[in-house]
Amino acid sequence: MIEGQQGLTWSDWCALADRAELVGLEGLFRSDHYFSARGVSGIGATDAWTVLAALAERTTALRLGTLVSPVTFRAPAVLARSALTVDLISGGRV
């Protein structure tokens, strides 16, 4: 589980996913926070489900998901549709 609010860039996510697949890890999960950690500069935390959708297309074997996805961030139906979409893109790896 990776804390995305710690200032990770898209390049960092790509490198993590590539390395995780290379070494045979089964899954890559990320936190779902909209605010960055204290002291993190730049654009801040990225959206968890958007990043997972992109990683779903980039990877072939990793199971993908979030540790939690608060319904205070998204309506439950929107969260369910986002997870379903990433699951479809990944071929059932969510």
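Numbers here simply count residues along the sequence, with the first being 1. Keep in mind that this is a model prediction, so the values were computed, not measured. Heavy atoms only: backbone and side chains are in, while hydrogens, waters and symmetry mates are out.
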Q: Please report the closest heavy-atom contact between Ala53 and Ile89, naming both atoms and the distance.
A: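 Closest pair (atom of Ala53, atom of Ile89, distance): O-CG2, 3.9 Å.
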Q: How long is the gap from CD on Glu57 to CG on Leu55, to the nearest 0.5 Å?
A: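 Answer rounded to 0.5 Å: 10.5 Å.
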Q: Quick one: does any side-chain atom of Arg93 pair with a main-chain N or O of Ser90 as donor and acceptor, under 3.5 Å?
A: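 Yes; at least one donor-acceptor contact below 3.5 Å.
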Q: Decide whether Trp10 and Leu8 are clustered together by the hydrophobic rule: side chain heavy atoms of Ile, Leu, Val, Met, Phe, Trp, Tyr closer than 4.5 Å, transitively.
A: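 Yes, it is one cluster - the side chains of Trp10 and Leu8 are joined through contacts under 4.5 Å.
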Q: Treating Thr59 as the side-chain partner and Ala61 as the backbone partner, does any N or O pair qualify as donor plus acceptor under 3.5 Å?
A: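 No, Thr59 side chain to Ala61 backbone: no donor-acceptor pair under 3.5 Å.
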Q: In Å and rounded to the nearest 0.5 Å, what is the CG to CZ distance from Leu25 to Arg19?
A: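 The CZ atom of Arg19 is 10.0 Å from CG of Leu25, to the nearest 0.5 Å.
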Q: For the pair Arg63 (side chain) and Val94 (backbone), establish whether a donor and an acceptor sit closer than 3.5 Å, ignoring hydrogens and angles.
A: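 Judged by distance alone, yes, a pair lies under 3.5 Å.
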Q: Under a 3.5 Å distance rule, please check whether Glu21 uses its side chain to pair with a backbone N or O of Thr60 as donor and acceptor.
A: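 Yes, Glu21 side chain to Thr60 backbone: donor-acceptor pair under 3.5 Å.
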Q: Any salt bridge between Asp32 and Arg74, counting N to O under 4.0 Å?
A: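 Between Arg74 and Asp32 there is a salt bridge, with a charged N closer than 4.0 Å to a carboxylate O.
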Q: Between CH2 of Trp13 and CG of Leu52, what distance do you get to the nearest 0.5 Å?
A: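 Those atoms lie 7.5 Å apart.
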Q: Please report the interatomic distance CZ(Arg30) to OG1(Thr46), rounded to the nearest 0.5 Å.
A: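 With rounding to 0.5 Å, CZ (Arg30) is 4.0 Å from OG1 (Thr46).
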Q: Among side-chain atoms of Ser69 and Trp49, is any donor-acceptor pair under 3.5 angstrom?
A: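 Per modelled atom types, Ser69 and Trp49 side chains form a pair under 3.5 Å.
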Q: Test your reading of the model: is there a side-chain donor-acceptor pair from Asp87 to the backbone of Leu84, 3.5 Å cut-off?
A: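 No, because the side chain of Asp87 does not come within donor-acceptor range (under 3.5 Å) of the backbone of Leu84.
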